[in-house]
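In each ligand, atom 1 is the first atom listed, and ligand 1 is the first ligand listed. One-based numbering along the sequence shown.
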Amino acid sequence: MKHPQDRPEHDRPPSNVPDEADVIVAGHICLDLIPDLGHAGLAAITVPGALVNVGGAVLSTGGTVANSGLALHRLGIATKLMGKVGDDPFGRLILDALRGHGSGMADGMIVSAGEQSSYSIVISPRGADRIFLHCPGTNDTFQASDVSDESLAGAKLLHFGYPPLMKDMYSNDGRELEKLLARAKAKGLTVSLDMSRPDPDSPAGQVDWRSILKRVLPYVDLYLPSWEETVFMLGANGTGFGTGAGAHTDLNTQTLALMAGQLLDMGAAVVGIKIGEEGLYVRTTGRADRLRQFGAAVPKSLTDWEGRELLVPCFEATVAGTTGAGDSTIAGFLCGLLHGLPLEETMTAAVAVGACSVEALDATSGIVPWPAVVRRIEQGWRRRTPALPMEGWATGTNGGCWIGPYDKHRSNPV
Ligand SMILES: Nc1ncnc2c1ncn2[C@@H]1O[C@H](COP(=O)(O)OP(=O)(O)OP(=O)(O)O)[C@@H](O)[C@H]1O
Ligand SMILES: [Mg+2]
């Protein structure tokens, strides 16, 4: 992996931050501490009273604010980060890490006196699955009022994630989340929302996510969850595909269309479902009046974004690590939208940035500035072939996207 400083100058991420941000990325942020356990397996580290010698620890920031926010910044989009930390050592480490990406990158962060910052200790024993010890800290007390009207002024888009890891956002049927998103919408911003999969055994896994989605999606222009999160949330009330906590439904295009259709009916304008190695599925509203309420980041051509159903496969990549791949894919999507690209090219931007992300071990260091991403696509970057059955779908002429049966631009849509 190349260090940013080794790249030609035009491929380097910006080192300073403009005063006016086009995008505000708000919500979850935490510090990950990942000790190198060396050869120690699960048995060795669970002996009461044992002292286990370990190696150094990697410290990295995680969560929407750090992952999607820094990815946007590296792509060259003027971005303000609004996560919440405490005035404690972990909070200071998070702020320092953000400043390492540009002198003003921590300026929008909220520091709450006397609160504990959020952290995870990631225990990766040899031969066993990873164990996360997660402290939600300040994420649990994040309120709509933490994002002031002044901080929204002048921005085109608010991106928020992940409500399932933020207690005040999912409690009370999501009213606090509704308050924040409705206010951003009323101020004319485009609103984008990402999820995380709730731990079924935690309080977030017990709430009625379908009800929360009904409440908030009328204020969400871009709803960008993953397949697993969507199966969990829409299945919570037993609707025929998945049954909440234990939900499992094999990935297929019919269920994607059904679930996206429900999310559009709840009020979202554009639903993009990340489908891991299969890429990105998008279905958009067929209602021109809903698209016209898209806010300041409105697409250049509304007809191009209306009544669409598309799937874009991933670009080929040598995978070093998939941490933050979904968050980076969202950053690519928002970057394409803000550059006024048609929907197919916006989706191509999304999976291109997603692929850049998986080529590095961490979430964002594989991401290069937007012109370098464009060059790589133009130079014939190969795409993966979908492993999903694509019956009823057509291959598009534009950018390697597949066009679904519900797409209005087809001669005989469903
Ligand atoms: N093997 C791969 N090659 C290229 N791109 C990939 C690969 N795997 C994942 N991606 C990219 O990463 C995205 C990750 O999608 P996924 O469904 O895992 O989202 P997620 O669960 O939200 O991820 P995260 O854990 O980062 O939040 C895909 O849409 C794609 O753009
Ligand atoms: Mg995700």
Do the side chains of [X] and [Y] get close enough for a salt bridge, i.e. N-O under 4.0 angstrom?
{"X": "Arg283", "Y": "Asp407", "answer": "no"}
{"X": "Glu176", "Y": "Arg215", "answer": "no"}
{"X": "Arg308", "Y": "Asp304", "answer": "yes"}
{"X": "Arg375", "Y": "Glu378", "answer": "no"}
{"X": "Lys80", "Y": "Asp107", "answer": "no"}
{"X": "Arg92", "Y": "Asp87", "answer": "no"}
{"X": "Lys274", "Y": "Asp194", "answer": "yes"}
{"X": "Glu316", "Y": "Arg382", "answer": "yes"}

Numbered atoms and elements of ligand 1 in range of [X], under 4.0 angstrom, heavy atoms:
{"X": "Gly324", "answer": "26 (O)"}
{"X": "Thr329", "answer": "11 (C), 12 (O), 13 (C), 28 (C), 29 (O), 30 (C), 31 (O)"}
{"X": "Arg384", "answer": "1 (N)"}

Answer with yes or no whether Glu316 contacts ligand 1, where contact means a heavy atom under 4.0 Å from a ligand atom. no
Protein heavy atom at shortest distance from atom 30 (C) of ligand 1: Cys314 SG, 3.6 Å
min-distance protein heavy atom vs atom 24 (P) of ligand 1 -> Gly326 N, 3.7 Å
Examine Lys274 against ligand 1 and note whether any of their N/O atoms are separated by less than 3.5 Å. yes
Run down the list [options] and name the one with the heavy atom closest to [atom].
{"atom": "atom 12 (O) of ligand 1", "options": "Gly276, Gly161, Gly332, Ala325", "answer": "Ala325"}
{"atom": "atom 21 (O) of ligand 1", "options": "Cys356, Ser226, Gly272, Ala355", "answer": "Ser226"}
{"atom": "atom 29 (O) of ligand 1", "options": "Pro225, Gly63, Gly279, Gly354", "answer": "Gly279"}

Any idea which part of [X] is under 4.0 Å from ligand 1, heavy-atom wise: side chain, backbone, both or neither?
{"X": "Val319", "value": "side chain"}
{"X": "Ile275", "value": "backbone"}
{"X": "Phe315", "value": "backbone"}

Is the ring pair Trp381/Phe315 parallel, tilted or perpendicular, if the boundaries are 30 and 60 degrees? parallel
